[in-house]
Amino acid sequence: MDWQVTVACAMIGYVIVIILLRTLFPEKHLHWNDINLEDLNFPADFIWGVATASHQIEGNNYNNWTQFEQREHKTPSGAACDHWNLWQEDHNLLTELGVDSYRFSIEWSRIEPNEGEWNEEAIEVYSKMIDSLIARGIEPMITLHHFSHPVWFEEKGGFYKTENLPYFKAYCARIFPYFSDKVAKWCTVNEPDVFSIMGYHMGMFPPGKRSPIKAIRVMKNVMIAHGEVYHELKRQNPSSYIGLAKNVTIFDPYRRWNLLHWLTTFALNYIWNGAIISALKRGRMFGSSVKIVKNSADFIGLNYYTHVLTSPFLPQTTEIDLPSREHEIVTEFGYPMYAEGLVRATKWLGKLNLPIEITENGVADGKDSLRPNHLKRHLWMIAELIKQGVDIKSYYHWSLMDNFEWAEGYTMRFGLYHVDYENQTRTLRESGKIYQQIIKQSKL
Ligand code: GCO
């Protein structure tokens with residue numbers, strides 16, 4: 001065969017492969033202008049909620065994050081929303097919104113500030129918070145680890161070291177009996193994917209490392225820790241409902257005719273999403289056995305924000321705008337609004353055959369100009385999925401109020417309530433009023 005024929009065959013082959021990929025893996029986009037977003041129908045028992053995390057709202061913590069902020073000269077989290085002192089007022093906001101449930105995290109560094117030293121006063125405060133929620137008819141959902149942990153644990157090597165996992169299990173086993181008779185819903189860990197990749201590969205979260213190998217090891221260890229904690233807590237109280245919050249970010253090829261973009265997409269989708277799903281379903285992750293993780297969840301929490309248009313030259317920081325499709329609205333964080341992605345996100349998680357709790361969804365939008373639309377599009381999509389038979393039980397909006405947004409400090413405002421950090425005043429945004437209304441309507 002002369003070279004011209006070889007080149008022609010290769011080109012035809014390439015085109016066939018691309019056509020196949022494009023057909024097998026469509027990237028769905030809806031014509032939002034043709035959709036009536038006011039038409040939202042949810043089942044009567046659907047659970048409406050909002051979510052926060054301890055280090056983002058409590059203020060004046062001392063943990064791996066505060067240490068990182070100081071060491072790397074980052075924006076100090078400082079007083080955050082001063083929720084540790086203002087939690088009663090903040091619970092009033094939950095009542096005002098009319099939510100059925102509130103997802104929040106308890107801060108390991110407050111509860112066990114030094115190894116083996118238990119702070120009963122902090123436990124007492126959390127206990128009061130739980131009682132206050134229950135008295136208001138709001139069901140608590142507690143996250144045991146939401147990115148922050150004690151400095152002593154970090155200094156031992158944190159989740160990087162397999163031999164440290166028993167410390168996390170011991171903390172969970174110790175704290176669980178205080179609350180497990182009042183609280184049924186638990187998330188062991190928040191986003192093992194974000195935690196490990198941002199902290200150990202992208203260097204933007206503590207401990208600020210830049211090694212993909214380390215990130216993969218940490219993700220695996222966090223999943224093993226999750227599995228161990230799940231079994232321990234179920235042993236203590238078999239009727240508890242325990243899962244974890246998984247961030248599903250969808251990677252789509254930036255150029256849908258470029259095979260390299262497709263290949264990068266497959267790799268990233270496996271590392272970010274597939275590996276964790278495989279751990280939970282098959283007890284295998286990155287080619288090795290993580291048996292304890294298999295079937296270690298009663299539900300799967302979905303934190304959904306966006307899709308990332310991928311090429312081999314993916315930025316190694318979140319500080320720049322990511323590419324977006326022409327017709328997509330770009331949010332303040334720099335990533336596109338893509339409610340359609342919920343279809344694929346729930347389909348992937350559907351492989352687990354577990355109820356899905358949407359443990360986070362929201363948008364950074366200081367001016368509140370996108371949030372109303374963002375909220376309605378995502379809720380419309382969820383209502384559609386439920387209609388099609390997807391088992392989605394709840395929706396927790398991220399977030400109740402503006403708060404400390406990790407590497408972005410206070411620049412990103414995700415709240416249904418605006419927070420004035422000068423005087424800690426909370427003001428309900430227009431989008432908050434819309435959410436309040438949607439909840440009210442759905443109960444009629
Ligand atoms: C995460 C966390 C939250 C964030 C939220 C907005 O996804 O990083 O779970 O703590 O604040 O997702 O970015």
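The structure presented is a predicted model; accordingly, all values stated were derived computationally and were not measured. Both backbone and side-chain heavy atoms feed into the values below; hydrogens, waters and symmetry mates do not. Every number for a ligand or one of its atoms is a count from 1 in the order of the listing.
Closest to atom 13 (O) of ligand 1 among all protein heavy atoms lies Glu405 OE2, 2.7 Å. With hydrogens left out, the protein atom closest to atom 9 (O) of ligand 1 is Glu360 OE2, 2.7 Å, a heavy atom. At the shortest separation from atom 10 (O) of ligand 1 among protein heavy atoms lies Gln56 OE1, 2.7 Å. Of the protein's heavy atoms, Glu191 OE1, 3.0 Å lies nearest to atom 1 (C) of ligand 1. Ranking the protein heavy atoms by distance from atom 5 (C) of ligand 1 puts Tyr305 OH, 3.2 Å first.
The shell of residues lying under 4.0 angstrom from ligand 1, judged by heavy atoms, includes His146.
With salt bridges taken as basic N to acidic carboxylate O contacts below 4.0 Å, none links Lys433 and Asp368. We find that Glu38 and Lys376 are joined by a salt bridge, their nearest charged nitrogen and carboxylate oxygen being less than 4.0 Å apart. Under the 4.0 Å criterion applied to side-chain N and carboxylate O atoms, Glu357 and Lys185 are not assigned as salt-bridge partners.
For ligand 1, the atoms closer than 4.0 angstrom to any heavy atom of Phe414 are 6 (C), 13 (O). Taking every non-hydrogen atom of Trp406 and a distance limit under 4.0 Å, the qualifying atoms of ligand 1 come out as 3 (C), 4 (C), 10 (O), 11 (O). Within ligand 1, counting atoms from 1 as listed, the ones closer than 4.0 Å to a heavy atom of Trp398 are 3 (C), 4 (C), 5 (C), 6 (C), 10 (O), 11 (O). Ligand-side atoms of ligand 1 in range of Asn190: 2 (C), 9 (O), range being under 4.0 angstrom from any heavy atom.
Taking the six-membered ring for Trp and thresholds of 30 and 60 degrees, Phe153 and Phe159 have ring planes more than 60 degrees apart, a perpendicular arrangement. Using bins of under 30°, 30° to 60° and over 60° for the plane-to-plane angle, the ring pair Trp406/Phe404 lands in the perpendicular bin. Taking the six-membered ring where tryptophan is involved, the planes of Tyr230 and His226 are tilted, since the angle between them lies from 30° to 60°.
Within the 4.5 Å cutoff, side-chain heavy atoms of Ile438 are placed close to those of Trp48.
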- Item | Trace of the ring pair (Phe, Tyr, Trp, His ring centres under 6.0 Å) decision for Trp398 with Tyr305 | CA-CA 10 Å; Trp398 185 274; Tyr305 289 91; 7.7 Å; no
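When heavy-atom distances to ligand 1 are checked against a 4.0 Å cut-off, Asn403 has no atom that comes that close, whether in backbone or side chain.
Among the atoms of Tyr335, none of the N or O lies under 3.5 angstrom from an N or O of ligand 1.
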